[in-house]
Amino acid sequence: MNDHTPFSQTVAYINRGSLNDELTEKLSDIVKAVRETQKTGSITLQLKIQMLSNSDEDTIKISPTVKTSIPEYEQPKAVFWSTADGDLLRNDPKQGELELKSVPVSGENQKLKSIFNE
């Protein structure tokens with residue numbers, strides 16, 4: 001049987017629990033984004049382990065680094081028409097425009113005409 005401190009417990013002790021809190025929050029953010037975008041996300045925990053300088057041989061320093069990849073929504077696409085001089089236009093310059101006018105509405109109820117025989 002292994003008598004070592006469990007990894008999860010060690011992580012919970014690093015920086016008085018703030019690393020564990022950070023990982024919990026970032027994991028939640030990634031899960032929400034993955035559910036919304038249907039894309040892949042990731043979280044990476046790197047623990048740099050070294051001897052504490054100017055100390056006895058039993059003292060270890062652990063420096064954590066957390067990296068995340070949160071999926072993002074795709075930006076909507078826009079369609080433009082380009083001109084020879086490099087301008088971008090929202091409407092096709094080769095297509096004419098219709099002059100549309102508003103039809104005045106009278107205050108009376110008007111009977112709608114039907115194409116069907118009544």
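To the nearest 0.5 Å, atom CH2 of residue Trp81 and atom CG of residue Leu89 are 9.5 Å apart. Atom NZ of Lys39 and atom OG of Ser69 lie 10.5 Å apart (nearest 0.5 Å). Remark: Leu27 CG to Ser42 OG distance equals 11.0 Å, nearest 0.5 Å. A distance of 6.5 Å separates NZ in Lys101 from CD in Glu99, rounded to the nearest 0.5 Å. Between the CG atom of Asp21 and the CG atom of Asn15 there is a distance of 10.5 Å, given to the nearest 0.5 Å.
Summarising the local packing, NZ of Lys61 is surrounded by 12 or fewer heavy atoms from other residues, nucleotides or ligands at distances under 6.0 Å. Around CD of Glu74, the count of heavy atoms belonging to other residues, nucleotides or ligands within 6.0 Å does not exceed 12. Counted within 6.0 Å of CD on Gln50, heavy atoms from surrounding residues, nucleotides or ligands total more than 12; the atom is thus considered enclosed.
In terms of hydrophobic clustering, with Ile, Leu, Val, Met, Phe, Trp and Tyr side chains grouped at heavy-atom distances under 4.5 Å, Ile49 and Leu23 are assigned to a common cluster. There is a path of hydrophobic side-chain contacts, each under 4.5 Å, that joins Val66 to Val34. In the hydrophobic clustering of this structure, Phe7 groups with Ile62; members are Ile, Leu, Val, Met, Phe, Trp, Tyr whose side-chain heavy atoms approach within less than 4.5 Å, directly or through other members.
Remark: the backbone N or O of Ile30 is not paired with any side-chain donor or acceptor of Arg35 at under 3.5 angstrom. Looking at Lys67, its side chain never comes within 3.5 Å of a backbone N or O of Ile43 through a donor-acceptor pair.
Closest non-hydrogen pair, Pro71 versus Gly41, comes out as CD-CA, 3.8 Å. Contact record, Ala33 with Ile70: CB-CG2, 3.6 Å, taken as the closest heavy-atom pair. Between Met51 and Asp58, the closest heavy-atom pair is CE-N, 4.2 Å. Smallest separation of non-hydrogen atoms from Leu47 and Pro64: CD2-CB, 3.9 Å.
Between Leu19 and Leu45, the closest side-chain pair of non-hydrogen atoms falls below 4.5 Å.
Legend: residues meeting side chain to side chain donor-acceptor pair (under 3.5 Å) with Asp85, ordered by chain and number and at least two apart, are Thr83.
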Check step by step if side chain to side chain contact (heavy atoms under 4.5 Å, CB included) holds for Asp29 and Thr68.
CA-CA 10 Å; Asp29 292 343; Thr68 58; over 6 Å; no

The test is salt bridge (Lys or Arg N to Asp or Glu O under 4.0 Å); show your working for Glu36 and Lys32 and say whether it passes.
CA-CA 6 Å; Glu36 291 174 3; Lys32 286 187 259 183; over 6 Å; no

